[in-house]
Amino acid sequence: MKLNKLMLGAAAMALGSGVFAQNVTFHSGIDYTVWGLRRAFYNNDGEKDNTSSSAGYDPDGNMTVDVSVKAASFEFNLGLYFNADGGDEEYIDYSDGGKGTPFYQGNMKVGFFNDQVNLYTGKFEGFNGGFIAEGSVLGDQYITNLADQDYGPYLTGLEYTPQFLSGLRLFAGFPILPIRGNGIQTIDEHEYNQWKYLGKKIKLAASYQVPVDGLDLTVNAGFRPGTYYDGVDNGGTMSTFTETFTESAFGEGYIQAVMPNFMDMMDLVVSYDLRYRDGTYLNVNNETEEHKAFSHMVGLSASMGLTEEISLSCEDRLVYCGDDYIADSEKLLYNVLAVNGEYAVPGTQISLGMDLAQICAADANGKAFADDDGTGKINNAAYASNSDISLTLNDMATANLLGGEATKYLGTYVKPYFKYNFANGSLIAAFELAYSKAFTDDVSNTCLSYRIPVGIKFQF
């Protein structure tokens, strides 16, 4: 089956490069990291333990092969993705017997009226259409993409750029699934794609470049009334939290202010994200009550070019999950502050840098974070994207969690690194150190972990 898929992909790429093509672009990327040494030291309420020294590789390492074919007003994109062990487990269709596929994207864009109207349709990876600006240090925002691996890769939508208002872009789309050929849609009468449900799954976005002299400001905004499991994901919390095609995990709205020239040498992004879902709690009569539960995120991201050789970036994200949003009878206050500084050594291809992060959190009953994989991630599909809220950056080992009563959490991350820059890539050697602590009034668990990664990235 996998061989047939690869042959199909190769044939499609070859066909795209030779038929009606005005512009064909091939692109490949490699991103692999090997940990030469890693170890973790635990102190669980006075009982000490540690892991043995070991080597490993980053399971998120990958290789991608993409082809983009442009012909007149049409653009076709096809992409293959292979994870660190050469498999395709990252893209699995759980409604079709758990079959994997190496095709992480297969989509097209059609332009009308000199691209005043653009139609997008197909399977996408991390697609936000330029309606969400990333953070300068932490990358992907705690804002859901229009289409991605974790919350659904399929999307059909229209982007409209009106001529009567310069600087405005609008988008509206639906996560319409294919119903034949790959077995994704298995529900009778294709329930997922019925309009009585699709209306609740619409994805709206807007971007407006404010025309004010002396102010370089773009406002981004978006709204989705619901986020639904579509049977295709990475096997994470989305597929377990909501197992039906018609049950929403959360609704979401956001707004961003993007100011690339906020001050001399400073770019600034300010974000606010609101999520809501149906929560439950037990009343005084021990009866289950339903209500709307809310989560709020405020983000601030700044990047500065201090000199030609020195760059500095800083980002802070504050999250508050109200009653019953994360779990029944639970609430969470979470903050992460991250800083990156880099110095390009003059006359060389060498850069020296440092990543720093400080995490502080507190919950009401010790249930906010999961501990099944040792990474202390939030245990709810309401935050299951690539920018998981967790107690350490980069999935390093964390302190054993407590549960059962109000808990406070601390996390510190340090990464000095050496980078050798090539024309189309880089080699990075670093030392990662993470400290985390989970404690109540009576119990305290800590973890100190380190890794020595060597990573290579290339774009062809």
Side-chain angles (χ1 to χ4, degrees), residues 6 9-10 13 25-40 53-68 77-91 100 102-105 125-126 134-140 148-149 234 303 309-313 338-357 373 375 386-388 390 392-397 413-434 449-460:
L6 294 175
M13 289 181 175
T25 303
F26 285 90
H27 177 75
S28 179
I30 297 174
D31 185 350
Y32 276 92
T33 297
V34 175
W35 300 314
L37 181 66
R38 60 178 180 176
R39 198 173 188 186
S53 300
S54 63
Y57 65 85
D58 184 353
D60 292 328
N62 63 79
M63 179 180 72
T64 57
V65 180
D66 303 280
V67 60
S68 176
N77 300 290
L78 186 65
L80 297 171
Y81 174 101
F82 302 97
N83 59 19
D85 62 2
D88 52 35
E89 292 83 356
E90 294 295 311
Y91 300 87
F103 289 94
Y104 77 97
Q105 69 167 341
E125 168 71 5
E134 291 187 350
S136 59
V137 183
L138 299 173
D140 290 341
D148 66 16
Q149 174 187 350
N234 64 352
S303 59
E309 295 84 15
I310 301 175
S311 63
L312 179 65
S313 298
V339 178
N340 169 263
E342 187 167 299
Y343 172 65
V345 180
T348 73
Q349 296 173 270
I350 296 173
S351 298
L352 303 175
M354 176 79 75
D355 290 327
L356 300 171
D373 57 1
T375 58
N386 291 330
S387 53
D388 278 324
S390 61
T392 65
L393 301 184
N394 298 335
D395 291 348
M396 294 185 70
Y413 174 81
V414 180
K415 178 186 176 183
Y417 63 87
F418 165 92
K419 181 191 295 185
Y420 190 91
N421 299 290
F422 300 96
N424 57 348
S426 62
L427 172 69
I428 299 178
F431 177 78
E432 291 182 289
L433 182 68
S449 60
Y450 69 85
R451 301 189 305 206
I452 300 179
V454 177
I456 188 168
K457 296 183 180 181
F458 275 97
Q459 300 290 332
F460 303 98

Are a donor atom and an acceptor atom from the side chains of Tyr450 and Glu432 found within less than 3.5 Å of each other?
no
So, for Tyr417 and Gly341, which heavy atoms are closest and what is the spacing to 0.1 Å?
OH-O, 4.1 Å
Distance-minimising heavy-atom pair for Ala430 and Lys415:
CB-CE, 3.7 Å
Could you tell me the separation between the CZ atom of Phe460 and the CG atom of Asp66, rounded to the nearest 0.5 Å?
13.0 Å
Using only heavy-atom distances, determine whether the side chains of Gln349 and Tyr420 contain a donor-acceptor pair under 3.5 Å.
yes
So do Trp35 and Thr33 actually touch side chain to side chain, heavy atoms under 4.5 Å?
yes
Distance col, row Leu356:CG vs Leu393:CG, nearest 0.5 angstrom, shows 10.5 Å
Lys457, NZ atom: more than 12 neighbouring heavy atoms under 6.0 Å:
no
Roughly how far, to the nearest 0.5 Å, is the OG1 atom of Thr392 from the CG atom of Leu433?
11.5 Å
Phe431 and Val414, any side-chain heavy atoms less than 4.5 Å apart
no
Should Ile350 and Phe418 be marked as a side-chain contact (heavy atoms from CB on, under 4.5 Å) after you check the CA-CA gap, both sets of side-chain angles, and the distance that decides it?
CA-CA 7 Å; Ile350 296 173; Phe418 165 92; 3.3 Å; yes
Would you indicate whether the side-chain heavy atoms of Thr64 and Ile30 approach each other to under 4.5 Å?
no
Non-hydrogen atoms of Gly29 and Gln459 that approach each other most closely:
CA-OE1, 3.8 Å
Would you compute the distance between atom CG of Leu352 and atom OH of Tyr343 and round it to the nearest 0.5 angstrom?
8.0 Å
What closest approach, in Å, do Val34 and Gly56 show between heavy atoms, and which atom pair accounts for it?
CG1-O, 3.4 Å
Heavy-atom closest pair (Asn83 atom, Pro59 atom, distance to 0.1 Å) is CB-O, 4.3 Å
Hey, what do you get for CZ (Arg38) to OG (Ser449), rounding to the nearest 0.5 Å?
10.5 Å
Which is it for Met354 and Glu342 under the side-chain contact (heavy atoms from CB on, under 4.5 Å) test, yes or no, and what are the steps along the way?
CA-CA 7 Å; Met354 176 79 75; Glu342 187 167 299; over 6 Å; no
Would you mind reporting whether Asn394 and Arg451 have side-chain heavy atoms less than 4.5 Å apart?
yes
For the student: nearest non-hydrogen atoms of Val137 and Ala338, plus distance
CG1-CB, 3.6 Å
Is there a donor-acceptor contact under 3.5 Å linking the side chains of Ser313 and Asn340?
no
Could you tell me if Glu125 and Tyr81 have a donor-acceptor pair between their side chains, going purely by distance under 3.5 Å?
no
Can we call the ring centroids of Phe458 and Phe422 under 6.0 Å apart?
yes
Enter the distance from Ser68:OG to Gln105:CD here, rounded to the nearest 0.5 Å.
8.5 Å
Give a yes-or-no answer on whether the side chains of Asn62 and Tyr104 include a donor-acceptor pair shorter than 3.5 Å.
no
Can you see whether Asn421 engages Ser351 through a side-chain donor-acceptor pair at a distance of less than 3.5 angstrom?
yes
